[in-house]
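Below, read A as the first sequence line, B as the second, and so on, with proteins coming before strands; counting in each chain starts at 1.
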2 protein chains.
Amino acid sequence: MIASARERRHAARRDALADAAIETLQSLGYAHTSLRDIARRTGLSLGRLHYYFADRNALIGYCVRRYKARFIAAIEQAIGGATQPRVVAARVVAALAASIRDNAETHRLWYDIRGQAMFDPALVEVVDEVETALIAITTLVTGRLGLDRALALSIYLAMDGHYRYAMQRHLDGDAQIVLAFERLATEALARFLPDEVRMDHDAHV
Amino acid sequence: MIASARERRHAARRDALADAAIETLQSLGYAHTSLRDIARRTGLSLGRLHYYFADRNALIGYCVRRYKARFIAAIEQAIGGATQPRVVAARVVAALAASIRDNAETHRLWYDIRGQAMFDPALVEVVDEVETALIAITTLVTGRLGLDRALALSIYLAMDGHYRYAMQRHLDGDAQIVLAFERLATEALARFLPDEVRMDHDAHV
DNA sequence: GAAGATTCTGGACACTCGTCCAGAAACGGC
DNA sequence: GCCGTTTCTGGACGAGTGTCCAGAATCTTC
């Protein structure tokens with residue numbers, strides 16, 4: 001189905017609105033962001049928000065999809081064509097560390113919304129989608145590490161745990177945590193490697 | 001300082017109020033729980049909530065402390081005096097699985113509040129305290145597993161990741177996830193064990 | 001340029017919220 | 001029993017909220 005020019009422009013304006021809205025969301029979080037906050041901070045009218053999105057959750061869900069898609073694209077780009085396990089691992093860890101250092105305020109939003117999905121059925125679908133995509137990129141990484149892809153979920157969960165913790169402590173002002181994250185995350189990945197690869201890996205860490 | 005009888009009764013009423021309030025919190029989550037909701041659902045007056053707690057965050061923080069203290073006590077009890085790594089691991093995993101199966105709705109609250117702490121400085125202190133206590137119990141488990149206690153943080157983060165995921169999927173209606181959690185969490189613990197212990201451990205799993 | 005469609009605005013509706021507080025009710029010590 | 005203290009209530013204050021929608025403004029097509 002070819003979109004008309006008008007539909008394309010409509011979609012572009014919708015995207016631009018979401019991109020403007022996300023600043024407010026990441027700053028205030030789900031609980032404390034009202035549509036009026038978004039309107040006020042973006043200079044857009046309250047009515048316009050309602051024109052482009054059915055309701056508050058629709059806007060929030062759309063924002064989260066867009067930002068996580070960009071995050072996943074950045075991880076993919078960081079990996080590039082790397083196929084050596086230790087290069088892949090180093091690149092993933094470095095990309096995650098950089099995202100904490102440079103964008104912790106943005107990334108905390110995912111943990112907020114993911115938590116809210118446990119209380120609000122309207123958020124379940126987008127959260128499941130995003131988490132599925134995160135597990136998928138982890139599956140790609142798992143393959144590149146030369147591991148059985150059945151390990152992807154466990155790798156995702158271990159890395160996610162480390163990421164969230166580091167990000168939260170970074171937000172709390174811990175100046176050493178990103179460096180600690182790099183070490184701990186690298187070790188966490190190494191734990192999944194077979195012994196002979198792991199010994200080789202450790203020798204280079 | 002010996003509390004007077006009146007002070008003790010005051011504290012007991014404060015605790016009872018918090019215990020009544022937590023039902024509402026765990027049901028509605030941070031974002032959607034108002035003090036009026038709590039008053040309405042507990043049959044207490046709005047003014048009483050304000051009499052016993054300075055503000056909304058004080059009440060919420062107090063509720064979370066109480067419930068997490070109970071959770072940690074339950075884990076400690078489940079471990080008991082076990083000293084054999086595979087018994088310790090099995091008991092921890094079983095206790096975590098049971099808590100998902102029986103109390104997922106309660107436990108989602110921790111993830112909610114922990115996420116909110118990234119946006120609201122007023123919650124940072126209680127969240128740090130609780131997370132420190134969780135890491136402490138994990139340190140005890142780490143010792144019982146015969147491992148270097150420096151691994152406790154990584155073990156905590158890996159287990160936490162698995163726990164949150166399983167709980168969330170359980171809440172979403174996944175009927176197999178608690179069983180899958182038991183397997184994955186056991187594997188995750190095993191990954192920390194030295195090879196000779198791990199091979200022994202794997203033989204019993 | 002007119003007409004129809006789309007985009008946008010800002011007012012209104014019907015609530016809700018956290019906090020404050022005066023005064024009633026209950027308690028406890030002398 | 002009195003009085004001072006504590007506990008509790010429910011009304012009020014001064015906001016704020018998501019949603020709706022009539023009508024103005026703009027765009028596009030013929």
Take atom [atom1] of [X] and atom [atom2] of [N], then tell me their distance rounded to the nearest Å.
X: Leu59(A); N: dT17(D); atom1: CG; atom2: P; result: 14 Å
X: Arg48(B); N: dC8(D); atom1: CZ; atom2: C1'; result: 7 Å
X: Tyr52(A); N: dT19(D); atom1: OH; atom2: P; result: 18 Å
X: Glu7(B); N: dT7(D); atom1: CD; atom2: P; result: 9 Å

Quiz item: Does a nitrogen or oxygen in the side chain of Tyr51(A) sit under 4.0 Å from OP1 or OP2 of dC20(D)?
Solution: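 For Tyr51(A), the contact criterion (side-chain N or O under 4.0 Å from OP1 or OP2 of dC20(D)) is not met.
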Self-check item: His10(A) side-chain N/O to dT6(C) phosphate OP1/OP2 under 4.0 Å
Solution: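 So the side chain of His10(A) is outside the cut-off, no N or O lying under 4.0 Å from OP1 or OP2 of dT6(C).
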Quiz item: Going by distance alone, is a donor N or O of one side chain under 3.5 Å from an acceptor N or O of the other, for Tyr62(B) and Asp15(B)?
Solution: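 A donor-acceptor contact under 3.5 Å links the two side chains.
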Quiz item: Are side-chain N/O atoms of Tyr156(A) and Glu131(A) paired as donor and acceptor at under 3.5 Å?
Solution: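 Short answer, yes.
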Quiz prompt | Test: Arg56(A) cationic atom under 6.0 Å from Tyr30(A) six-membered ring centre, within 45° of axis | solution =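 Yes, Arg56(A) and Tyr30(A) form such a contact.
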Using atom types as modelled, flag every donor-acceptor pair under 3.5 Å from a side chain in residues 98-105 of chain B to any protein atom, sequence neighbours excluded.
| from | atom 1 | to | atom 2 | distance (Å) |
| --- | --- | --- | --- | --- |
| Ser99(B) | OG | Leu96(B) | O | 2.8 |
| Ser99(B) | OG | Tyr163(B) | OH | 2.6 |

Quiz item: How does protein contact run along nucleotides 13-29 of chain C, one letter per nucleotide 5' to 3', with B for base contact, S for sugar-phosphate only, - for none, heavy atoms under 4.0 Å?
Solution: ----BBB-------BS-
Exercise. Given side-chain contact (heavy atoms from CB on, under 4.5 Å), test Leu184(B) with Tyr165(B) step by step and report yes or no.
Key: CA-CA 11 Å; Leu184(B) 290 170; Tyr165(B) 183 78; over 6 Å; no
Quiz item: Can you check side-chain contact (heavy atoms from CB on, under 4.5 Å) on Leu44(A) and Tyr52(A), steps first, answer last?
Solution: CA-CA 12 Å; Leu44(A) 305 173; Tyr52(A) 284 99; over 6 Å; no
Exercise. Nearest 0.5 Å please: distance from the CZ atom of Arg14(A) over to the CD atom of Glu7(A).
Key: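 Arg14(A) CZ to Glu7(A) CD: 12.5 Å, rounded to 0.5 Å.
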Quiz item: Yes or no on side-chain contact (heavy atoms from CB on, under 4.5 Å) for Val141(B) and Met159(B), after CA distance, side-chain angles and deciding distance?
Solution: CA-CA 12 Å; Val141(B) 171; Met159(B) 294 299 281; over 6 Å; no
Self-check item: Nucleic acid contacts - residues 20-31 of chain A versus DNA chain D, non-hydrogen atoms under 4.0 Å
Solution: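 Those residues whose heavy atoms fall under 4.0 Å from DNA chain D, taken from residues 20-31 of chain A, amount to none.
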